[in-house]
2 protein chains.
Amino acid sequence: MTKVVDKKATIRDVARVSGVSVGTVSRSLNVPETVKPETLSKVRAAIRSLDFQPDVRAQNMRRRSTMTVGFVIDDIANPWHASCFKAIDAELRQKGYSLYLMSTHGQASEEAAALDMLQHGRADGMIMTINNEQDARTIKRLKELRIPAVLLDRDIPLEIDAVLTEHAPGLRQATNYLIELGHRRIAIITAGSDIRPGRERVRGFVEAFERAGLPVPRDLIRSQSLSADYGFREATTLLQMPERPTAIIAAGNRILAGVLRAMQQQGVSVPQDISLIACDRSDIAMLYPGPITLIDRPVEEIGRTAAQLLLERLDGSNARPAQRISFPTHLIMGGSCLPVRR
Amino acid sequence: MTKVVDKKATIRDVARVSGVSVGTVSRSLNVPETVKPETLSKVRAAIRSLDFQPDVRAQNMRRRSTMTVGFVIDDIANPWHASCFKAIDAELRQKGYSLYLMSTHGQASEEAAALDMLQHGRADGMIMTINNEQDARTIKRLKELRIPAVLLDRDIPLEIDAVLTEHAPGLRQATNYLIELGHRRIAIITAGSDIRPGRERVRGFVEAFERAGLPVPRDLIRSQSLSADYGFREATTLLQMPERPTAIIAAGNRILAGVLRAMQQQGVSVPQDISLIACDRSDIAMLYPGPITLIDRPVEEIGRTAAQLLLERLDGSNARPAQRISFPTHLIMGGSCLPVRR
DNA sequence: GCATAAAATTGAAACGTTTCTAAGTTAGAG
DNA sequence: CTCTAACTTAGAAACGTTTCAATTTTATGC
């Protein structure tokens with residue numbers, strides 16, 4: 001029991017106890033090499049005896065920084081986002097940053113609120129995946145952003161760093177693989193054209209048919225949302241078509257869950273009844289009844305890169321032009337595709 | 001284009017422009033009902049024209065709070081934690097709090113680092129699931145904690161609020177169900193006895209046998225870790241036993257993924273070759289080849305309750321004794337269990 | 001031992017709020 | 001019209017750091 005009323009010690013207490021000035025204590029903490037070893041040890045002794053810890057709030061105020069970065073996404077329960085978060089966190093934490101996680105639930109209003117929050121001294125930077133590349137509110141905020149930001153897989157005509165995935169070639173490859181297996185009635189379910197992954201995936205899908213000189217099955221393109229419900233609904237109607245597809249590309253993490261649920265409900269099995277290709281690794285994609293053939297992308301590297309881009313801006317020289325870094329996808333062969341039945 | 005060099009406006013600028021004192025501006029912002037309507041509108045006009053936003057860092061410093069809560073867990077890629085985070089976030093956000101997400105990767109050192117971080121002015125409170133209830137470093141920090149905290153599913157002999165799950169009755173019920181299906185060689189794979197879920201689950205498992213007057217299959221209790229790898233390893237050896245179990249309880253989210261991988265690798269199918277019970281809802285548990293029978297718990301309610309307990313402490317009166325709130329589990333019937341073959 | 005340069009330290013001034021006391025203003029009662 | 005009480009407001013003092021100019025101490029070279 002040291003003291004009865006021990007309000008938290010401040011740097012002034014340390015100065016008093018060690019018999020030096022507050023400036024010296026501060027320097028001992030931040031640039032110890034500029035203080036005489038003898039003094040340093042006095043200060044350190046005082047710090048120990050008082051159990052002093054600098055008040056982070058005061059530091060933030062004075063340094064005009066918070067060592068905090070906001071990660072803004074629609075849903076952390078999406079395993080891809082969770083993995084991405086982990087990669088970003090690992091990279092930033094070793095530089096002393098902590099992460100705010102802000103879920104927007106796909107709502108433009110929450111997105112706007114999150115950006116407003118982060119703007120004014122709550123975070124030093126942000127990494128985000130916005131819900132709609134055309135949303136005026138969000139665009140406005142991004143334009144007026146006072147802190148550095150990195151976009152994940154989104155395309156905005158602004159000077160903002162971005163880390164992208166080459167979805168189109170990935171989808172082209174996957175679609176082509178199905179075509180070579182003899183499939184013609186291939187469906188794709190993915191995000192809407194209001195976000196880059198939706199646009200690019202559909203583009204790759206279409207290109208594959210065009211390059212193969214085949215008609216594009218426009219009626220099988222379902223491109224509106226990344227949600228599990230959307231995947232479920234669209235898969236359900238696709239499976240009930242008179243001439244139903246022989247293969248489905250579930251291009252989205254959550255979509256896959258919905259698609260599988262629909263298949264289960266309709267008693268359709270993979271790959272016997274229908275071929276299936278997924279996007280991004282996930283428990284379910286890798287385990288289902290067996291591993292599903294999927295279009296993978298290096299999520300850890302993507303996260304790490306985003307963090308590094310942000311760090312470059314945070315570490316002072318804000319001067320370089322916005323950068324866009326792209327990562328390719330890889331088709332991982334699982335057991336969910338069979339040659340089409342004659 | 002309003003100004004060329006517009007450093008961020010401060011409350012002093014607002015005071016100057018609106019012709020009142022800084023104190024009045026502050027009151028206009030925080031307790032508008034104490035300022036004359038006339039004055040208020042002058043101030044608001046100035047705020048608008050300057051595009052003034054209070055600096056959060058300065059507010060934090062002065063108010064000695066940050067409106068931030070830390071959520072400390074081992075891995076956000078665990079879908080249960082992700083769901084829990086969402087519930088907590090929803091509850092806290094509407095009171096104006098933001099959440100730090102800190103992943104400890106199950107490492108005691110990272111856990112200690114996270115607690116230290118949060119202690120000194122970075123967060124106003126914390127909600128956490130620690131990795132080991134016996135770890136001296138963590139216990140020490142918890143004992144000296146200067147901010148309110150809520151433990152999730154952990155049992156520590158300290159005055160700390162906690163939200164718990166009644167794992168034992170849940171496991172007893174699940175085990176009993178298997179026993180009634182004729183199973184005797186039932187295995188359980190779960191966490192170690194260093195955390196409450198591990199202890200309680202094993203306890204419930206054992207009790208079920210005892211109450212049924214049956215010998216407890218001690219050789220089939222694998223209780224060491226919640227990781228997917230552990231699940232994989234233990235399932236692999238269990239499946240290779242000469243007299244292998246006829247049912248496995250994969251008591252843990254990640255464990256289930258490991259167990260399923262092992263089964264897949266060994267060509268064992270559920271439920272034909274072996275019965276399976278899981279814990280907690282997840283994509284994989286609900287979709288596998290069909291929904292797996294599982295011991296569910298109300299994750300949203302658990303998260304919400306934890307948030308509410310914390311809010312009670314944050315909202316001033318720190319006075320009530322520590323509270324422990326328990327939630328029951330429910331057995332959800334899937335199709336992963338069959339009567340044991342004669 | 002002195003002059004000078006280098007190293008170390010001091011002490012005060014920020015940083016942008018909130019809050020508190022004192023002072024000023026307004027309204028109602030007599 | 002005056003007095004008092006109730007509102008409002010002004011202005012300064014924190015909050016706990018960092019930083020910077022000024023000063024003091026120490027080291028170096030001759």
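Sequence lines set the chain letters: A, B, ... in the order given, protein chains first and strands last, and positions in each chain run from 1. Bear in mind the structure is a predicted one, so any value in this text is a computation, not a measurement.
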Atom-pair distance (CG on B:Asn60; C1' on D:dT17), nearest Å | 14 Å

In whole angstrom, give the distance that lies between atom CG of B:Leu29 and atom P of C:dT18.
-> 6 Å

Is A:Asp89 salt-bridged to A:Lys86, cutoff N-O under 4.0 Å?
-> no

With a 3.5 Å cut-off and no angle check, do the side chains of A:Asp75 and A:Ser103 form a donor-acceptor pair?
-> no

Please determine if a side-chain N or O atom of B:Arg63 lies less than 4.0 Å away from the OP1 or OP2 oxygen of C:dT18.
-> yes

Sugar-phosphate only, base, or nothing, as touched by A:Asn30 at under 4.0 Å among non-hydrogen atoms | sugar-phosphate

Are more than 12 heavy atoms from other residues, nucleotides or ligands located less than 6.0 Å from atom CD of B:Glu38?
-> no

To the nearest Å, give me how far apart NE2 (B:His120) and P (D:dT17) are.
-> 11 Å

Atom CD1 of B:Ile11 and atom P of C:dT17 are separated, to the nearest Å, by 5 Å

With a non-hydrogen cut-off below 4.0 angstrom, is B:Arg57 in contact with a base, only sugar-phosphate, or nothing?
-> nothing

Atom CE of A:Met61 and atom C1' of D:dA14 are separated, to the nearest Å, by 12 Å

Contacting residues from residues 35-46 of chain A, given that a heavy atom lies under 4.0 angstrom of DNA chain C | A:Val35, A:Lys36, A:Thr39

Take the angle between the ring planes of A:Phe71 and A:Phe85 and call it parallel below 30°, perpendicular above 60°, tilted in between.
-> tilted

Please determine if a side-chain N or O atom of B:Arg27 lies less than 4.0 Å away from the OP1 or OP2 oxygen of C:dT19.
-> no

Identify whether any heavy atom of B:Ser26 sits under 4.0 Å from a base atom; if not, whether one sits that close to sugar-phosphate; answer base, sugar-phosphate or nothing.
-> base

Can we say A:Glu300 and A:Arg304 salt-bridge, meaning some charged N sits less than 4.0 Å from an Asp/Glu carboxylate O?
-> no

note: B:Arg16, atom CZ; D:dA10, atom C1'; distance rounded to Å ~ 17 Å

For the rings on A:Tyr100 and B:Tyr100, is their centre-to-centre separation under 6.0 Å?
-> yes

B:Val22 vs A:Val22, nearer the 5' end of DNA chain D by closest nucleotide = B:Val22

Using a strict 4.0 Å threshold on nitrogen-to-oxygen distance, state whether A:Asp55 and A:Lys8 make a salt bridge.
-> no

Qualifying residue, where the test is salt bridge (Lys or Arg N to Asp or Glu O under 4.0 Å) with B:Asp161 and the options are B:Arg154, B:Arg324, B:Arg320 = B:Arg320

Answer yes or no: does a side-chain N or O of B:Ser21 lie under 4.0 Å from OP1 or OP2 of D:dA10?
-> yes

May I ask you to verify if any side-chain N or O of A:Gln59 is less than 4.0 angstrom from the OP1 or OP2 atom of D:dT18?
-> yes

Distance check: side-chain N/O of A:Thr24 vs OP1/OP2 of C:dT9, anything under 4.0 Å?
-> no

What's the CD-C1' distance between A:Glu33 and C:dT9, to the nearest Å?
-> 16 Å

Distance below 4.0 Å between A:Arg64 side-chain N/O and C:dA14 OP1 or OP2 | no

Atom-pair distance (CG on B:Asp55; P on C:dT18), nearest Å | 10 Å

Distance-only donor-acceptor test, B:Arg62 side-chain atoms vs C:dT17 base atoms, 3.5 Å = no

